[in-house]
Amino acid sequence: MDIIVLQPGASEDALKHVLKKLESKGLKANVSQGTERTIVGVIGDTTKVTEDEEDAIRAITGVENVVRILKPYKLASREFKKENTEINVRGHVIGGKKIQVMAGPCAVENQTILMDIADKVKGAGATFLRGGAFKPRTSPYAFQGLGEEGLQYLAAAREKTGLPIVTEIMDPRDLDVIVKYADIIQIGARNMQNFRLLLEVGSTKKPVLLKRGLSSTIKEWLMSAEYIMSRGNQEVLLCERGIRTFETATRNTLDLSAVPLLKQLTHLPVVVDPSHGVGKWDLVAPMTKAAIAAGADALIIEVHTNPEEAFSDGEQSLRPDFFASMMRDLKQIANAVGREI
Ligand code: PEP
Ligand code: MN
């Protein structure tokens, strides 16, 4: 038993009764009060509940159905919540009709460069500013990010442009400082299964952009979202950023089939990162268009004013003028699939 569906118009008492019953079995509940009906997601080891006990819950007045779902994730599933989750960040809604565009450098390098990029992406129509202050680098000798100083520059750029900021957390020890500055906390591909980190961001009230792990299945990815949601934070964005395959001609293989599939499996918004998906700037625009056609709710794209001097990911970063012209082209694609950008 994983989900308990109440009848439309069921009384408060019915809900209380159900919650008490769950409590008596050592289980917790996540109550979703939709426009039509209330759905209770059961949290804890539901395998211990016998079929007889399930029948007894079915008998409670006001209970319409008790469902045992086969999928190991629950709060993230479409069964649990039919309507798309919309996440409102400073007035920008992710998961609605409008496709949100998060753009900016891979890493925050210094204040002047960041401000310049922020101004330019804003001018081109981006709605969020991205930029890492804590960078997960393959080499310990590579630029690791500016830390809190970088977060301060992001906050200054937000102040100037009004763009909310998306930035990565790598270590639970940085949670307080990231929460202080970020509007959306990014969990990078390398940390998708850092379960302690997932639990920590799950106990904040900040939306979390959860990138797909380098070699993670959709199920593993949704289980990671479930970790965050199980702690009470329901605002998770799933970001496809390419997976490892045998192919080395592109940096990763951008799995765009994940987009419509996730739309079936989950109510959470889906973001596509074509930059890390392909690793080459001249392949970013076509894959961005394809991502919109596939149903992405948001895009996250690396932009740099001087890619040849970038501290990281210069090869895949768009110049601002190219980003601006791509943004103009995207409007037609968005309209063709009933979206706005
Ligand atoms: C990034 O966004 O710059 C980044 C490091 O992404 P990923 O975790 O997808 O590699
Ligand atoms: Mn990057």
Side-chain angles (χ1 to χ4, degrees), residues 100-109 113-114 117 121 126 128-140 142-147 150-151 153-154 164-171 174 178 182-194 197-198 201 207-216 218 220-221 224-225 228 236-245 250-256 258-259 270-281 283-284 287-288 291 296 298-319 323:
Q100 302 294 339
V101 181
M102 305 161 179
C106 178
V108 178
E109 298 172 2
I113 294 175
L114 183 70
I117 297 172
V121 298
F128 286 79
L129 176 65
R130 65 144 289 149
F134 295 90
K135 293 301 301 176
R137 305 305 303 281
T138 302
S139 165
F143 176 62
Q144 304 286 308
L146 296 180
L151 297 174
Y153 298 156
L154 283 165
I165 55 188
V166 185
T167 197
E168 178 164 356
I169 186 166
M170 293 209 303
D171 188 318
D174 301 322
I178 301 255
D183 295 299
I184 297 181
I185 303 176
Q186 174 175 328
I187 299 274
R190 289 154 193 81
N191 272 316
M192 189 204 84
Q193 286 192 315
N194 183 339
L197 185 61
L198 299 177
V201 297
V208 179
L209 183 140
L210 178 65
K211 288 201 158 191
R212 182 177 185 176
L214 306 179
S215 300
S216 296
I218 302 251
E220 287 163 343
W221 189 10
S224 291
I228 299 170
V236 179
L237 299 89
L238 297 163
C239 179
E240 165 63 38
R241 47 78 72 203
I243 47 173
R244 285 252 166 105
T245 67
T250 46
R251 181 174 177 178
N252 290 295
T253 296
L254 188 65
D255 178 13
L256 284 182
V259 180
V270 180
V271 185
V272 173
D273 174 349
S275 308
H276 292 86
V278 296
K280 290 189 163 78
W281 74 269
L283 299 180
V284 170
M287 295 316 281
T288 303
L299 302 155
I300 183 162
I301 295 169
E302 286 183 341
V303 176
H304 200 288
T305 40
N306 197 359
E308 58 266 49
E309 298 289 328
F311 291 2
S312 55
D313 288 351
E315 211 187 332
Q316 67 194 33
S317 297
L318 303 184
R319 292 175 194 280
F323 174 70

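Atoms within a ligand are numbered from 1 in the order they appear, just like the ligands themselves. Numbering starts at 1 and runs along the sequence shown. As the structure is a prediction and not an experimental result, all values here were calculated from the model.
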Check each atom of ligand 1 against the heavy atoms of [X] and keep those under 4.0 Å away; list them by number with element.
| X | result |
| --- | --- |
| Glu302 | 3 (O) |
| Lys211 | 1 (C), 2 (O), 4 (C), 6 (O), 7 (P), 8 (O), 9 (O) |
| Arg241 | 7 (P), 9 (O), 10 (O) |
| Gly188 | 8 (O) |
| Cys106 | 3 (O) |

Among all protein heavy atoms, pick out the one at the shortest distance from atom 4 (C) of ligand 1; state its residue, atom name and that distance to 0.1 Å. His276 NE2, 3.4 Å
Minimum side-chain heavy-atom gap [X]-[Y] below 4.5 Å:
| X | Y | value |
| --- | --- | --- |
| Phe128 | Asp183 | no |
| Ile117 | His304 | yes |
| Lys280 | Thr250 | no |
| Pro164 | Ile184 | no |
| Ile300 | Cys239 | yes |
| Trp281 | Arg319 | no |

Determine whether Leu210 and Met192 satisfy the following criterion, side chain to side chain contact (heavy atoms under 4.5 Å, CB included), listing intermediate values before the conclusion. CA-CA 7 Å; Leu210 178 65; Met192 189 204 84; 4.0 Å; yes
Taking the Mn ion (ligand 2) as the apex, OD2 on Asp313 and OE2 on Glu302 give an angle, to 10°, of 120°
Is [X] in polar range of ligand 1, meaning some N or O pair under 3.5 Å apart?
| X | value |
| --- | --- |
| Asp313 | no |
| Asp273 | no |
| Ala189 | yes |
| Lys135 | yes |

Any heavy atom of Arg130 closer to ligand 1 than 4.0 angstrom? yes
Could you tell me which N, O or S atom of His276 is nearest to the Mn ion (ligand 2)? NE2
Any side-chain donor-acceptor pair under 3.5 Å between His276 and Asp313? yes
Below 4.0 angstrom, N of the basic side chain to O of the carboxylate: do Glu168 and Arg130 qualify? no
